Amino acid sequence: MTYGGQVFYGIEDIKDKIESFAFKSINYSINDKDIQIGPVNGSILISIIGQLIMDNNENERFTFFQIFNICPNGSGGYYIHNDIFRTMG
């Protein structure tokens, strides 16, 4: 995961980063999305633009952009690859 120019690898690093934020709850809405066939056979590329609301504070909405690949793992499942998340404005 990339967040604010920093890169986090693996479940533990990503979990630790998310848990380091000061909010207790988060709600989101998706304003727009694009989905395309990904670069790897059986994969898809997804981009999302939406809004985040932390701790139910409607006065502080954060617009976000996220793009990631969902790729087959070779065992019948999928994994997220190259997840980039950025708040804007």
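As the structure is a computational prediction, the values presented were derived from the model and not from experiment. For the single chain, residues carry numbers from 1 onward in sequence order.
Ser25 pairs by the side-chain contact (heavy atoms from CB on, under 4.5 Å) definition with Asp55, Asn56, not counting sequence neighbours. For Phe8, there are no ring-ring contact (aromatic ring centres under 6.0 Å, His included) partners two or more places apart in sequence or in a different chain. Not counting sequence neighbours, the partners of Asn59 by the side-chain contact (heavy atoms from CB on, under 4.5 Å) test are Asn57. Not a single side chain to side chain donor-acceptor pair (under 3.5 Å) links Asp13 to another residue, sequence neighbours left out. Taking Gln6 as the reference, nothing meets the side chain to side chain donor-acceptor pair (under 3.5 Å) condition, with sequence neighbours excluded. By the side chain to side chain donor-acceptor pair (under 3.5 Å) test, Arg61 pairs with Gln51, Glu58, sequence neighbours left out.
Grouped with Val7 in one hydrophobic cluster are Tyr9, the linkage being side-chain heavy-atom contacts under 4.5 Å among Ile, Leu, Val, Met, Phe, Trp and Tyr residues.
Listed by first then second residue, pairs satisfying ring pair (Phe, Tyr, Trp, His ring centres under 6.0 Å) with a partner in residues 23-54 read Phe21-Phe23, not counting sequence neighbours. Sorted by first and then second residue, the salt bridge (charged side-chain N to carboxylate O under 4.0 Å, His left out) pairs with a member in residues 18-34 read Lys15-Glu19; sequence neighbours excluded.
In this structure, OG1 on Thr87 lies 7.5 Å from CZ on Phe62, to the nearest 0.5 angstrom. Between Ser29 atom OG and Ile53 atom CD1 the span is 6.0 Å, to the nearest 0.5 Å. Note that CD1 of Ile18 and CD1 of Ile26 are 8.5 Å apart. Values are rounded to the nearest 0.5 Å. Note that CD1 of Ile14 and OH of Tyr3 are 14.0 Å apart. Values are rounded to the nearest 0.5 Å.
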What pairs of donor and acceptor atoms, side-chain ones from residues 66-84 against any protein atom, are under 3.5 angstrom apart with sequence neighbours left out?
unit_1 : atom_1 : unit_2 : atom_2 : d
Gln66  : NE2    : Asp83  : OD1    : 2.8
Gln66  : NE2    : Asp83  : OD2    : 3.3
Asn73  : OD1    : Ser75  : N      : 2.7
Asn73  : OD1    : Gly76  : N      : 3.4
Asn73  : OD1    : Gly77  : N      : 3.0

Can you give each donor-acceptor pair under 3.5 Å made by side-chain atoms of residues 40-50, sequence neighbours left out, with the distance rounded to 0.1 Å?
unit_1 : atom_1 : unit_2 : atom_2 : d
Ser43  : OG     : Val40  : N      : 3.1
Ser43  : OG     : Val40  : O      : 2.6

